[in-house]
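Heads up: the structure comes next, in structure tokens.
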Amino acid sequence: MDLDLRKLRYFVAVAEHLNFGRAAEALHIAQPVLSRQIRALEAELKVQLFDRSSKGTALTAAGESLLEDARPLLTQASALLRRVGVADSFTIGFMPGLIVTPAARLMAKRHPGLRVDVLRTTWEDQVEVIHDGRVDVGYVRLPVPLEGLRHVPVLTEPRVAVVPATHRLAGKESVLEADLSGERRVQHTDPPGFRSVEEKLEHVAMHGGVAILPLSTAVFYSREDLVHVPIEDITPNEVALAWAEHRHTPLIAEFIEIARQV
């Protein structure tokens with residue numbers, strides 16, 4: 001049996017919203033159409049995927065099992081389509097602290113039939129998701145390996161020192177890099193390796209030291225036991241929009257213009 005990816009996408013939308021009306025709105029289709037497609041999928045699979053009652057919509061055991069497999073399958077299918085130049089969706093990668101919603105909304109408004117998604121990335125995979133096709137474009141924090149990529153600058157932002165609230169520098173309005181001399185800097189490359197900003201900040205809170213982060217990232221992860229202090233004389237963090245050099249599609253070119261405007 002050939003599985004219809006469109007019906008599978010409709011199923012995931014209903015499974016995530018557990019409401020046919022909201023799912024239909026998110027998919028930009030009429031609710032009766034969505035209901036017919038789900039019934040057709042259930043008939044093809046010969047299982048009931050949802051329990052529908054006056055109390056609402058719930059996944060059956062078969063539905064929960066399908067949802068577990070459907071998400072990675074749709075991700076792989078979309079990545080494949082992007083790699084071969086067929087677009088039914090447009091996915092934007094972004095690093096923590098960056099706000100990409102205005103650009104994503106404008107892209108979706110210009111292309112009502114195109115599904116525009118966002119994917120949060122990390123220091124470790126912000127380039128990987130571009131190469132493997134999980135995203136069409138990615139907002140990356142430089143420096144990153146640029147082999148096989150094209151990129152354009154988008155913005156720069158100051159970097160700050162994140163320290164425990166009890167640290168000697170915590171009350172300063174700003175510091176110089178020399179003020180950090182002798183401080184242990186917590187970096188994502190340190191052993192045993194910090195896979196996320198959250199892990200890095202947990203380490204600073206528990207063991208001291210200083211983490212140097214872009215301002216927007218520090219603000220995004222604000223917490224009461226840590227403070228961030230501007231560093232006056234350190235180079236700012238550069239954010240670029242990057243994409244695979246063999247995939248300069250019209251949609252990517254259009255989004256680059258949107259990103260620069262927004």
Side-chain angles (χ1 to χ4, degrees), residues 1-84 86-96 98-122 124-126 128-130 132-139 195-196 198 220 251 255:
M1 179 188 68
D2 294 328
L3 193 60
D4 187 332
L5 291 177
R6 180 181 59 180
K7 290 192 186 80
L8 196 61
R9 187 176 300 114
Y10 289 173
F11 160 74
V12 170
V14 177
E16 290 178 342
H17 289 85
L18 289 179
N19 181 288
F20 277 79
R22 289 196 295 269
E25 184 179 348
L27 292 165
H28 305 291
I29 62 173
Q31 183 175 336
V33 173
L34 176 60
S35 296
R36 285 196 299 270
Q37 292 293 320
I38 295 299
R39 285 196 297 270
L41 179 60
E42 289 177 320
E44 291 170 10
L45 297 176
K46 296 182 174 58
V47 295
Q48 184 178 344
L49 299 172
F50 297 99
D51 282 324
R52 305 165 180 85
S53 70
S54 58
K55 295 181 180 179
T57 300
L59 280 166
T60 63
E64 290 178 353
S65 178
L66 180 60
L67 181 61
E68 185 176 341
D69 293 329
R71 285 181 173 131
L73 179 59
L74 288 174
T75 298
Q76 293 167 13
S78 293
L80 174 62
L81 291 173
R82 278 192 286 273
R83 287 196 293 269
V84 299
V86 179
D88 67 339
S89 64
F90 190 85
T91 303
I92 305 155
F94 68 99
M95 288 286 284
L98 299 177
I99 306 298
V100 300
T101 308
R105 280 179 176 161
L106 183 53
M107 187 71 171
K109 183 178 180 180
R110 290 188 181 182
H111 299 273
L114 185 69
R115 193 177 79 256
V116 179
D117 294 320
V118 295
L119 175 69
R120 197 191 80 163
T121 60
T122 67
E124 285 70 30
D125 67 4
Q126 59 176 328
E128 177 184 320
V129 297
I130 301 173
D132 67 20
R134 276 179 282 169
V135 304
D136 293 277
V137 295
Y139 286 83
R195 295 183 299 275
S196 66
E198 293 95 329
F220 183 81
L251 285 176
F255 186 77

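Since this is a predicted model, take the numbers as computed values, not measurements.
- Between the CZ atom in Arg9 and the CG atom in Leu73 there is a gap of 10.0 Å [rounded to 0.5 Å].
- Counting heavy atoms from C-beta on, the side chains of Val129 and Leu119 come closer than 4.5 Å.
- Contact check for Arg134 versus Glu128: side-chain heavy atoms found under the 4.5 Å cut-off.
- The CD atom of Glu25 sits 12.0 Å away from atom CG of Leu34, with the distance rounded to the nearest 0.5 Å.
- Using bins of under 30°, 30° to 60° and over 60° for the plane-to-plane angle, the ring pair Tyr139/Phe255 lands in the perpendicular bin.
- Taking 4.0 Å as the cut-off between side-chain N and carboxylate O, Glu44 and Arg39 do not count as a salt-bridged pair.
- Between the Asp69 side chain and the Leu66 main chain, no donor and acceptor come within less than 3.5 Å of each other.
- In this structure the side chain of Val12 reaches within 4.5 angstrom of the side chain of Leu74, judged on heavy atoms.
- A donor-acceptor pair is defined here as one N or O able to donate and one able to accept, closer than 3.5 Å; such a pair exists between the side chain of Asn19 and the backbone of Arg22.
- Relative orientation of the Phe50 and Phe11 rings is tilted, given thresholds of 30° and 60° on the angle between their planes.
- Going from atom CD1 of Ile130 over to atom OG1 of Thr121 covers 8.0 Å, rounded to the nearest 0.5 Å.
- With Ser65 contributing its side chain and Ala61 its backbone, the two residues share no donor-acceptor pair below 3.5 Å.
- Between Thr60 and Glu64 there is no side-chain heavy-atom pair separated by less than 4.5 Å.
- Counting non-hydrogen atoms of other residues, nucleotides and ligands closer than 6.0 Å to CZ of Arg52 gives a total above 12.
- Separation of atoms CD (Gln37) and CZ (Arg6) is listed at 5.0 Å; rounding is to 0.5 Å.
- The distance from atom CG of Leu59 to atom CD of Glu68, rounded to the nearest 0.5 Å, is 12.0 Å.
- No side-chain heavy atom of Leu49 sits under 4.5 Å from any side-chain heavy atom of Leu67.
- Using a 4.5 Å cut-off on side-chain heavy atoms (C-beta onward), Val116 and His111 make no contact.
- Put simply, the side chain of Leu114 reaches to within 4.5 Å of the side chain of Leu251, judged on heavy atoms.
- Between Asp51 and Thr57 there is no side-chain heavy-atom pair separated by less than 4.5 Å.
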Could you walk me through whether Ile92 and Asp117 satisfy the side-chain contact (heavy atoms from CB on, under 4.5 Å) test, starting with their C-alpha distance in whole Å, then the side-chain angles of each, then the deciding distance to 0.1 Å, before giving a yes or no? CA-CA 6 Å; Ile92 305 155; Asp117 294 320; over 6 Å; no

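- Distance check, rounded to the nearest 0.5 Å: CE of Met107 to CZ of Phe90 gives 4.5 Å.
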Decide side-chain contact (heavy atoms from CB on, under 4.5 Å) for Phe20 and Ile38; before the verdict, give the C-alpha distance in whole Å, the side-chain angles of both, and the deciding distance to 0.1 Å. CA-CA 10 Å; Phe20 277 79; Ile38 295 299; 3.9 Å; yes

Step by step, would you call Glu42 with Lys7 a salt bridge (Lys or Arg N to Asp or Glu O under 4.0 Å)? CA-CA 10 Å; Glu42 289 177 320; Lys7 290 192 186 80; over 6 Å; no

